[in-house]
Student: 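Input: one structure, supplied below.
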Amino acid sequence: MSAIALAASIGWDREQMASRAALDIPDGAYVNLGIGIPEKVAQYVPEGREVIYHTENGLLGMSATLEAGQEDPELINAGKKQVSAIPGAAYFHHADSFAMIRGGHIDICVLGAMQVSQTGDLANWSTGSVDAIPAVGGAMDLVAGVKTIYIITQHCTRTGEPKLVGSCSFPLTGKAVVSRIFTDLAVIDVTPQGFKLVELAPGVELDYVRQRTGCELIADDWQ
Amino acid sequence: MSAIALAASIGWDREQMASRAALDIPDGAYVNLGIGIPEKVAQYVPEGREVIYHTENGLLGMSATLEAGQEDPELINAGKKQVSAIPGAAYFHHADSFAMIRGGHIDICVLGAMQVSQTGDLANWSTGSVDAIPAVGGAMDLVAGVKTIYIITQHCTRTGEPKLVGSCSFPLTGKAVVSRIFTDLAVIDVTPQGFKLVELAPGVELDYVRQRTGCELIADDWQ
Amino acid sequence: MIDKRVDSVAQAVDGIFNGATVMIGGFGEAGSPIELIHALIDLGAKDLIVVNNNNGSGHVGLAALIENEQVSKMICSFPRTANSTVFPDLYHRGDIELELVPQGTLAERIRAGGAGIPAFYTATAVGTPLAEAKEVRNFDGRDYVLEQGLKADFALVKCARADRYGNLVYNKTARNFGPIMAMAANTTIVQTGAQVEVGEIDAEIIVTPGIFVDRIVTVANPVHESRLVNDGRTYP
Amino acid sequence: MIDKRVDSVAQAVDGIFNGATVMIGGFGEAGSPIELIHALIDLGAKDLIVVNNNNGSGHVGLAALIENEQVSKMICSFPRTANSTVFPDLYHRGDIELELVPQGTLAERIRAGGAGIPAFYTATAVGTPLAEAKEVRNFDGRDYVLEQGLKADFALVKCARADRYGNLVYNKTARNFGPIMAMAANTTIVQTGAQVEVGEIDAEIIVTPGIFVDRIVTVANPVHESRLVNDGRTYP
């Protein structure tokens, strides 16, 4: 059995990755969640914390909970899924919404990634393929404007390529923007010295993570 | 009896100047009125026209009519006088209000003047005196942003100096911004050729106006 | 008297000319003025430059306008949507141009166009391919890219309620680009779910003051794009 | 739990430090957070840079703050108001600095500061003394001047109603600079006429979403500056 095939069965699953990331979102934070696994973070707010979710299409106070009969095709999130609004929510137009982002008012944004470099560069919008239709959405605005960028991603691509790399080969979304990465295998910080291990998923060995990381991984506390 | 002393008793009075300017404001116009005589223009909207007044401190649909008991010190105009709001009025914040101005959405602005040059330069905020505390308010934004700038002013200063001049000696509010001037003596356009007479106040002679104008006044139709 | 109401969507879009720049409100289907877009298809104006966050889905609304080959260029942030095949096909054939703009930069460019700001600096896209060939300038130690305001000849906007002055309120996240596009267009054309009397909308809650609106048409029961797409509908 | 309410104006202004830049809402007396200003006088912070459209009147509110020699510089558009003698006296003595900014440029600079725009171009003031020494640039045949975004350490804002999240609505033309100053300050301090439960203000009508607000204090019956001035009142 190859190491790659094993990868699916060890470490954190998607729900656990989201729940681990949720632990690092403090009470009272204003948070924007990207499409995919990041959306799940909202389901795992630890007891006693109140977190306000922003969706860049014009709502502060988004809830993924959708009661039957309350659906409105004009109440959607950035992924164009129907959502609901909490009591105390506010609607606003797109320029005001991105003023919140660009002006540094959103505390944390959790995004997916195609590649993250050891200097915190993020690539998550384009493979650079000439065939693909480029589509960027709000990702570049979010990484440029939000104070803290968290990434949730599988540690490797489906074909086993590392997503944490020395430098990104894909076109960038932003330079030096990522603070912390939550993968299926570990929690890793971007530091001035490079990637630094914060936590290993249960049952995952340091060497196993290192083999799947495209550059140095600092793990002084584990040696 | 000197010509200057006469000036007070011939031509249009302040109410007539305002009423004459009001004739040139079309139905459906969005209009900003400066402090002083311009404020009076709102009282002379010709029958059958509907004009919407903007006040730059955040109200579209201002009315100078103030019913007893309805006063609110937080409902004021740009001159900080208490006003009221018509049905269909809208409140907004200062950046949105000046977006209306700067974005060219206000059709007409009627302002007072200290000097207007034959190229349409306006000076109406400062004498340039070193003793005076400079105060500009929204005048520079209005002249830069509003499509059509009308001026209502006495033809001469209290000491008999012409206010319509070859070039302004006072610091400018804006360059080449004035379209038309309503004085106590005449209506005058700013044209590429210079000041051009549009209309004389009843009983006022062309030469009388020319003597009180600081530069050439084109009046081909009167010669 | 000020009365911006017109009787039909055909009258509402009358005068949209070949080559016009047309901003179309909506984020996905939320706020998409689909009846106005269909009227624009009926009108047949060609070579349009369309500004919209996306590029429509299925074969109705914006996707149908593109499919009808009325659009020569799209300015948008995310030209990839579920059920979107029309744009990709034209794009791969080289029959439509794309100006890709980050979503927040797109919103701010539209707001700037409406507010008389010809250009502004933003940190968005610095160091990425989307900032290539753009001026970069440092303020207080950080790099920013120069972006230009965006204006349009026409805006098509959907709202919930409107009065004859053109005062508008919106429904939930259908607000999105509507208020800023209404500011940025020479002629702003609005479809409203309901008309109300002047004064009925509280002056404190008006989102788009009438000064930004030129024509209003009532579409009391607008269709939902997703339902049309699910039903396999096409336009015309 | 998010609860931005504090119990007193003293708590609300706590931490405003010497040398801080403080934006103070209001256009004349409309929207002037006079109780917060008086609390700032009690606090005694010095060398403040104050951003306000005017400079107060009489010997209360902003005029009293200036008179108490807590302000080293005013950034404003119209430092001349009826009943305003405090600022002129200090200014003529050379004891206070003035940065004069056209009103719309001031509003846009504050909005830019809050929206993360470091600089923008505007036609306002081109060709006038207020554009001297500023960069002028031509776009599409017209000259514009470069203006920089304006941020603050603190904003003092007055609103009509607020909930514990900091969602705000205002009263009529007292709205003026409040919403944009709330965006542009690190710490936004609000006095509200009334507190309401979360959810009581319709999500469609909130003017300032809570994300821009840090502290809220209820001042149920705020004084009116003009009445204090007419009564010859002074502060402290």
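In what follows, chains are A, B, ... by sequence order, proteins preceding strands, each numbered from 1.
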Student: Between L172(B) and G127(D), which heavy-atom pair has the shortest distance, and what is it?
Tutor: CD1-O, 3.8 Å
Student: Mind ranking L106(D), L130(D), L100(D) by heavy-atom pairs under 4.5 Å with chain B and telling me who comes out on top?
Tutor: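 Of the candidates given, the most pairs with chain B belong to L100(D).
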Student: Using 0.5 Å steps for rounding, measure from the NZ atom of K175(B) to the OG1 atom of T128(D).
Tutor: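 The OG1 atom of T128(D) is 10.5 Å from NZ of K175(B), to the nearest 0.5 Å.
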Student: What part of I76(B) gets closer than 4.5 Å to chain D, counting heavy atoms only: side chain, backbone, both or neither?
Tutor: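 Backbone plus side chain of I76(B), per the 4.5 Å heavy-atom cut-off to chain D.
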Student: Is N77(B) in contact with chain D via its backbone, its side chain, both, or neither, using a 4.5 Å heavy-atom distance?
Tutor: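 Contact with chain D is through the backbone of N77(B) alone.
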Student: Search all heavy atoms of D141(B) against all heavy atoms of G104(D) and return the closest pair with its distance.
Tutor: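 What the structure gives for the nearest pair is OD2-N, 2.8 Å.
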Student: Counting C-beta onward and ignoring hydrogens, is there a side-chain heavy-atom pair between P129(D) and W125(B) closer than 4.5 Å?
Tutor: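 In short, these two side chains touch, coming nearer than 4.5 Å.
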Student: Please round to the nearest 0.5 Å and tell me the distance separating atom CZ of R102(B) and atom OG1 of T124(D).
Tutor: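 Output value for this atom pair is 5.5 Å.
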Student: Can we say K80(B) and E29(D) salt-bridge, meaning some charged N sits less than 4.0 Å from an Asp/Glu carboxylate O?
Tutor: no
Student: Please flag which part of I110(D) lies under 4.5 Å from any non-hydrogen atom of chain B: side chain, backbone, both or neither.
Tutor: neither
Student: Give the minimum heavy-atom separation between D131(B) and H92(D), together with the two atoms involved.
Tutor: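 Heavy atoms of D131(B) and H92(D) come nearest at O-CE1, 2.6 Å.
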Student: Please report the shortest heavy-atom distance between F78(D) and G137(B), naming the atom on each side.
Tutor: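 Smallest heavy-atom distance, with atoms named: CD1-N, 3.5 Å.
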Student: Does R233(D), at its CZ atom, have more than 12 non-hydrogen atoms belonging to other residues, nucleotides or ligands within less than 6.0 Å?
Tutor: no
Student: With respect to chain B, which residue among R109(D), R227(D), E108(D), E225(D) yields the maximal number of heavy-atom pairs within a distance under 4.5 Å?
Tutor: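 Looking at each option in turn, the highest pair count goes to E108(D).
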Student: Among A95(B), G58(B), S126(B), G174(B), who wins on heavy-atom pairs under 4.5 Å with chain D?
Tutor: A95(B)
Student: Relative to chain D, which segment of F98(B) carries a heavy atom at a distance below 4.5 Å: side chain, backbone, both, or neither?
Tutor: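 The side chain, not the backbone.
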Student: Against chain D, label T173(B) side chain, backbone, both or neither, depending on which of its atoms sit under 4.5 Å from a heavy atom there.
Tutor: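 Backbone only.
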Student: Between N171(D) and D72(B), is a side chain to side chain donor-acceptor pair (under 3.5 Å) present by the stated rule, with each step listed?
Tutor: CA-CA 10 Å; N171(D) 179 45; D72(B) 185 336; 3.2 Å; yes
Student: Taking T173(D) for its side chain and E74(B) for its backbone only, find out whether a donor-acceptor pair lies under 3.5 Å.
Tutor: yes
Student: When only pairs under 4.5 Å are counted, which of N57(B), I101(B), V83(B), D121(B) shares the most heavy-atom pairs with chain D?
Tutor: N57(B)
Student: Residue by residue, which of residues 137-145 of chain D have a heavy atom closer than 4.5 Å to a heavy atom belonging to chain B?
Tutor: R142(D)
Student: Nearest 0.5 angstrom please: R175(D) CZ to Y91(B) OH, how far?
Tutor: 9.5 Å
Student: Report which part of V101(D) has an atom under 4.5 Å of a heavy atom belonging to chain B: side chain, backbone, both, or neither.
Tutor: backbone
Student: Is there any residue in residues 16-42 of chain B with a non-hydrogen atom under 4.5 Å from a non-hydrogen atom of chain D, and which ones are they?
Tutor: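 Within residues 16-42 of chain B, no residue comes under 4.5 Å of chain D, counting heavy atoms only.
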Student: Under a 4.5 Å heavy-atom cutoff, which of A176(B), P134(B), P171(B) has the most pairs with chain D?
Tutor: P134(B)
Student: Judged by atom type as modelled, is there a donor-acceptor pair below 3.5 Å linking the side chain of R80(D) to the main-chain atoms of I133(B)?
Tutor: yes
Student: Kindly give the heavy-atom pair with the smallest separation between Q103(D) and G138(B), and that separation in Å.
Tutor: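 Looking at all heavy atoms of both residues, the shortest contact is NE2-N, 3.4 Å.
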Student: Could you check whether the rings of H94(B) and F27(D) sit parallel, tilted or perpendicular, using 30° and 60° as the cut-offs?
Tutor: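 If you compare the ring of H94(B) with that of F27(D), the planes turn out tilted.
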